[in-house]
Engineer: 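The structure follows.
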2 protein chains.
Amino acid sequence: MGAMKTTSRASLQEPLLGLTGYVLRRASIATLAEFAERLAPLDLRPVDAALLILLDATPQVTHSEVAATLGLRRPNLVPVVVGLQKRGLLDRKRVDFRSEGLVLTQQGGALLKKVRRIIALHEEQLIERVPPELRPMVLPILMALWGHSA
Amino acid sequence: MGAMKTTSRASLQEPLLGLTGYVLRRASIATLAEFAERLAPLDLRPVDAALLILLDATPQVTHSEVAATLGLRRPNLVPVVVGLQKRGLLDRKRVDFRSEGLVLTQQGGALLKKVRRIIALHEEQLIERVPPELRPMVLPILMALWGHSA
DNA sequence: TATTGTTATACTCTATAACTATA
DNA sequence: TATAGTTATAGAGTATAACAATA
């Protein structure tokens, strides 16, 4: 114990801490890891949680719509949907002859409740790190950096 | 042309756009992709640029220090260093018998100048998306979300 | 011709275990 | 024993091309 830390040189990363892009990425990586850890007990990943929320908000949403909304490529969405379907959390309903809508099952709805509690906790933990007077600016700033119109 | 977009359902992702964690991640992904695109003409990735900047700010920095600073695992840093060394951008100088410091070569310093210009442009582009009155809060908010003390 | 869901596949990034050599 | 650098390798996540079915 009390091992000598040779990694003790101070202010090593100063030149990067002033860069918005760098700090944005580090913040994203750190908070996503925390979120994933909170979701792990439900055997869900962040992408699964996002899909469940999307399905609940927009029943009968199609693969293509989900992929476009979440910024995923269609091929990469397939195993996500298959995985959740195998667990009985979502179901497919044919919309027309070439596309099918995804809907939450009752079981999926039940799990979603737990997911929402975890998300609420996570969001609370995030915002609490920010000084109170800056909190109203968090989402507007992130949306702006994203370049998202709405 | 004018193909019917079936992905036209409005406000599909509303439930996610209110989540700090989600928007943080989307913003990070989007801006990192832009940065990578700007760096590509120099045949560098974001991690290469970060390493060059770190080496310039802290000559003789060791592998372990770099890895800890940039949030990388030591094994994953090896090919990064090897790649830049093969291109003559950095060199190794033995510090003691078991660790070696990394230093920029003259060629590395020359390339770093171009990197700095790209970073400046990128940072400018990022901050310009944010309404002027919110700009001073960007870095403090991101640092807070990261949970970074300084 | 264009779109939806899909398969196969490859590439990048990240993670772990374990080795060596030094102390 | 503990640390620095390394090797090998495995696992995510993400990317493209191309197919069948349908319009």
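Side-chain atoms are counted along with the backbone in the values below, which use heavy atoms only and exclude waters and symmetry mates. Numbers restart at 1 for each chain; the letters A, B, ... are given by sequence-line order, proteins then strands. This one's a predicted model, so the numbers in the text were calculated from it and none came from an experiment.
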Engineer: Nearest-Å distance, CD (A:Glu100) to P (D:dA21)?
Structural biologist: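 Distance, rounded to whole Å: 15 Å.
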
Engineer: Supply the atom-to-atom distance B:Asp56 CG to B:Lys113 NZ, rounded to the nearest 0.5 angstrom.
Structural biologist: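 It is 10.5 Å, given to the nearest 0.5 Å.
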
Engineer: Of the nucleotides D:dG5, C:dT6, C:dA15, which one has an atom closest to the side chain of B:Arg92?
Structural biologist: D:dG5

Engineer: From CZ of B:Arg74 over to C1' of C:dT14, roughly how many Å is that when rounded to an integer?
Structural biologist: 14 Å

Engineer: Taking C-beta and beyond as the side chain, do B:Arg129 and B:Thr31 meet within less than 4.5 Å on heavy atoms?
Structural biologist: yes

Engineer: If you check every side-chain atom of B:Arg45, which of C:dG5, C:dC13, C:dT14 has the closest atom?
Structural biologist: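 So the nucleotide nearest the side chain must be C:dC13.
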
Engineer: CG of A:Asn76 versus P of C:dT7: gap in Å, rounded?
Structural biologist: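 After rounding, the gap between these two atoms is 13 Å.
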
Engineer: Distance check needed: C:dT12 C1' versus B:Leu39 CG, whole Å only.
Structural biologist: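 In whole Å, C:dT12 C1' lies 16 Å from B:Leu39 CG.
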
Engineer: Quick check for you: among D:dG5, C:dT16, C:dA8, whose closest atom lies nearest to any side-chain atom of B:Pro75?
Structural biologist: C:dT16

Engineer: What integer distance in Å separates B:Gln85:CD from D:dT6:C1'?
Structural biologist: 13 Å

Engineer: Rounded at 0.5 Å granularity, tell me how far CD1 in A:Ile141 sits from OG1 in B:Thr20.
Structural biologist: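 Atom-to-atom, A:Ile141:CD1 and B:Thr20:OG1 are 11.5 Å apart.
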
Engineer: From CG of B:Leu77 over to C1' of D:dG5, roughly how many Å is that when rounded to an integer?
Structural biologist: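 After rounding, the reported distance stands at 10 Å.
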
Engineer: Under 4.0 Å: is that the gap between some side-chain N or O of A:Arg73 and OP1 or OP2 of C:dT4?
Structural biologist: no

Engineer: Does A:Ser64 have a side-chain nitrogen or oxygen under 4.0 Å from the phosphate oxygens OP1 or OP2 of C:dG5?
Structural biologist: yes

Engineer: With a 4.5 Å cut-off on side-chain heavy atoms, are A:Arg92 and A:Leu102 touching?
Structural biologist: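 Yes, at least one pair of side-chain atoms sits under 4.5 Å.
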
Engineer: Mind checking the CZ-OG1 spacing from B:Arg74 to B:Thr62? Nearest 0.5 Å is all I need.
Structural biologist: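 Here the interatomic distance stands at 10.0 Å.
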
Engineer: Name the residue closer to the 5' end of DNA chain C, choosing between A:Arg25 and A:Val78 according to the nucleotide with the nearest heavy atom.
Structural biologist: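 Its nucleotide being nearer the 5' end, the pick is A:Val78.
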
Engineer: In whole Å, what is the span from the CG atom of B:Leu72 to the C1' atom of C:dT16?
Structural biologist: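 Nearest whole value for this atom pair: 16 Å.
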
Engineer: Starting at atom CZ of A:Arg26, determine the distance to atom C1' of C:dT14, rounded to an integer number of angstrom.
Structural biologist: 14 Å

